[in-house]
Asks: 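Pasting in a structure now, in structure tokens, and then I'll have a few things to ask.
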Amino acid sequence: MCGIVGAVAQRNITPILLEGLKRLEYRGYDSCGIALHTNGELQRSRSTARVAELEKQIEQSGLSGYTGIAHTRWATHGVPSTDNAHPHFSRGRIALVHNGIIENHDELRAELQGLGYVFESQTDTEVIAHLVDHLYQGDLFETLQQAVKRLHGAYAIAVFCRDEPHRVVGARQGSPLIVGVGQGENFLASDAMAIAGTTDQIIYLEEGDVVDLQLQRCWIVDANGQAVQREVRTVHAHTGAADLGPYRHYMQKEIFEQPRAIGDTLEGVTGIMPELFGDKAYGIFKKIDSLLILACGTSYYAGLTAKYWIESIAKIPVQVEVASEYRYRDSVPNPNSLVVTISQSGETADTLAALKHARSLGMEHTLTICNVSTSAMVRECELAYITRAGVEVGVASTKAFTTQLAALFLLTLALAQSKGRITEQQESDHLKAMRHLPVAISAVLALEPQIIAWSEDFARYENALFLGRGMHYPIALEGALKLKEISYIHAEAYPAGELKHGPLALVTKEMPVVTVAPKDSLLEKLKSNMQEVRARGGELYVFADADSNIISSEGVHVIRLPENYGQLSPILHTVALQLLAYHTALARGTDVDKPRNLAKSVTVE
Ligand code: G6P
């Protein structure tokens, strides 16, 4: 999703802006650009290729400057093209980049066209550039404060003006924007990682803030125009994600990092206690009588899995909702419910909005499971558990998902303890199994050669069905999502019992059926579902485990996970499905880490 970097300094900032863009690449983008204040004019360079190409373009043109802004664009309004790439200019005076969606852009466009502004792009962003130019009377900071009052929607904006060479102004509402405070220089960015290495002194702007950055000045006003002091935090953002090591893709690297990521996520957990989730957790866990889980994408599937765990172990009813649906539907709030958001990035616009919506309905107790400790989600929730997956670069989530599952299992145990529904012995057995997860995952990773053999065959299909039952149904959903995201094979997941209510009609020898089949109480029923597939000529690809007792036969391919892992089995089966998706995509030659049309951090609706 769109990324922003901006700087005002006393040195050439081109390398800082380019490095920032490279660090924002992981969010997903389809064009990029940079604008600088050079020799009293606005200059820019834009490209629909990668940031590395933009860098070459800039080397050739020799573009440099002390004040400037840069952007990676993920197209919403208008196709990916150079004209639509940011920064957008207005009358050679204003240069502006934007992340978000301006909902009233049509109306503003008509108004500005009426005033004589000529539009060069199809974007909603160009509207803001012209609006700023139209309102400008010599003070860019004041102008932006006025301009944002006319905008409906979500935005993070960085803008500078030809006539004020040492000033960059920013604003945020609904999209992330941070300030990096330097010595005699200041920066703006979508996240702290973009400017890590340049400064670690970070201010997280709040909703409605407008910021004035000059060489020695960082001045913020809030949504009411009142000057405000925001805390400057020292943030050690990771910069090491760039190293691929022996791996071909970040996704592969991140799949193989899972033993470490889960180990780190559980580090310091010496026993089960609500306080792992925050000081106030005990009182809140005692009080609540249900959970409302809100999330998007892969994180939503983590929530679905947690529902099985929490209802079975802690005996607390759980409702799991796709954030983008929940925020707009009429629902019946329960003030005694704990609202749990799950998010890798902590910046997903729909999940943040759903959280606010739940709060507005009177649900005051909130907890987040999140991978970014400095994110808006963590700042906005009362309680938090930070997964320690580390920076995830691959757009398709892998280690973030399994660490979310680990954190959610811990939450299950802490809730069960608070409600007195688990014995000490059970707690200690579960904790032991969790501590063993890194070793158990490593054993699944060792199955890679067998999965590669499958994937060579699998890559020729254009459709696939995934089946699971019980707590492995969400894992089947996640396996199908992984496959479609990166290999572009159309994949759907069903609870296996639903097969004969529709999807069975699709089963032919051209429709492989991937089955998640650990030994559990539903295995015999699942075996009947598998028979239904075989009877129609469908090829089965079965992920069984040590105890499943399913053997390979004609049309039935079986990979056996080394251990039966009881209630934590979803985590191990996920790893196998990630490898299947990865190697199938590799065999099909897709851009695994940056699948078409997708973004890592979805900061717009
Ligand atoms: C995007 C990503 C997914 C992710 C989803 C939710 O679609 O590509 O991998 O699951 O957003 O993101 P979050 O950061 O809230 O977990």
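All residue numbers in this chain count up from 1 along the given sequence. No hydrogens, no waters, no symmetry mates; every other heavy atom, side chains included, goes into these values. Indexing begins at 1, ligand by ligand and atom by atom, following the structure's order.
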Asks: Do Tyr247 and Phe256 have ring centroids that are under 6.0 Å from one another?
Replies: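 Distance test on ring centres: under 6.0 Å, yes.
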Asks: Output all residues satisfying side chain to side chain donor-acceptor pair (under 3.5 Å) with Glu380, sequence neighbours left out; order by chain, then residue number.
Replies: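 Here no residue qualifies.
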Asks: Partners of Ser47 by side chain to side chain donor-acceptor pair (under 3.5 Å), sequence neighbours excluded?
Replies: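 Side chain to side chain donor-acceptor pair (under 3.5 Å) check on Ser47 returns nothing, list empty.
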Asks: Between Phe458 and Tyr541, is the ring centroid distance below 6.0 Å?
Replies: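 Judged by ring-centre distance (under 6.0 Å), Phe458 and Tyr541 do meet the cut-off.
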Asks: Write none if no such pair exists; otherwise list each N/O atom of ligand 1 with its protein N/O partner under 3.5 Å and the distance.
Replies:
{"residue": "ligand 1", "atom": "8 (O)", "partner": "Val395", "partner atom": "O", "Å": "3.4"}
{"residue": "ligand 1", "atom": "8 (O)", "partner": "Ala599", "partner atom": "O", "Å": "3.0"}
{"residue": "ligand 1", "atom": "9 (O)", "partner": "Val395", "partner atom": "O", "Å": "3.3"}
{"residue": "ligand 1", "atom": "10 (O)", "partner": "Thr298", "partner atom": "N", "Å": "3.0"}
{"residue": "ligand 1", "atom": "12 (O)", "partner": "Thr348", "partner atom": "OG1", "Å": "3.3"}
{"residue": "ligand 1", "atom": "14 (O)", "partner": "Ser343", "partner atom": "OG", "Å": "3.3"}
{"residue": "ligand 1", "atom": "14 (O)", "partner": "Gln344", "partner atom": "N", "Å": "3.3"}
{"residue": "ligand 1", "atom": "14 (O)", "partner": "Ser345", "partner atom": "N", "Å": "2.8"}
{"residue": "ligand 1", "atom": "14 (O)", "partner": "Ser345", "partner atom": "OG", "Å": "2.7"}
{"residue": "ligand 1", "atom": "14 (O)", "partner": "Thr348", "partner atom": "OG1", "Å": "3.3"}
{"residue": "ligand 1", "atom": "15 (O)", "partner": "Ser343", "partner atom": "OG", "Å": "2.6"}
{"residue": "ligand 1", "atom": "15 (O)", "partner": "Thr348", "partner atom": "OG1", "Å": "2.5"}
{"residue": "ligand 1", "atom": "16 (O)", "partner": "Ser299", "partner atom": "OG", "Å": "2.6"}
{"residue": "ligand 1", "atom": "16 (O)", "partner": "Gln344", "partner atom": "N", "Å": "2.7"}

Asks: Salt-bridge test for Glu321 and Arg329: reply yes if a basic N is under 4.0 Å from a carboxylate O, no otherwise.
Replies: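 Yes, this pair counts.
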Asks: Arg596: what forms a side chain to side chain donor-acceptor pair (under 3.5 Å) with it, not counting sequence neighbours?
Replies: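 By the side chain to side chain donor-acceptor pair (under 3.5 Å) rule, Arg596 matches no residue at all.
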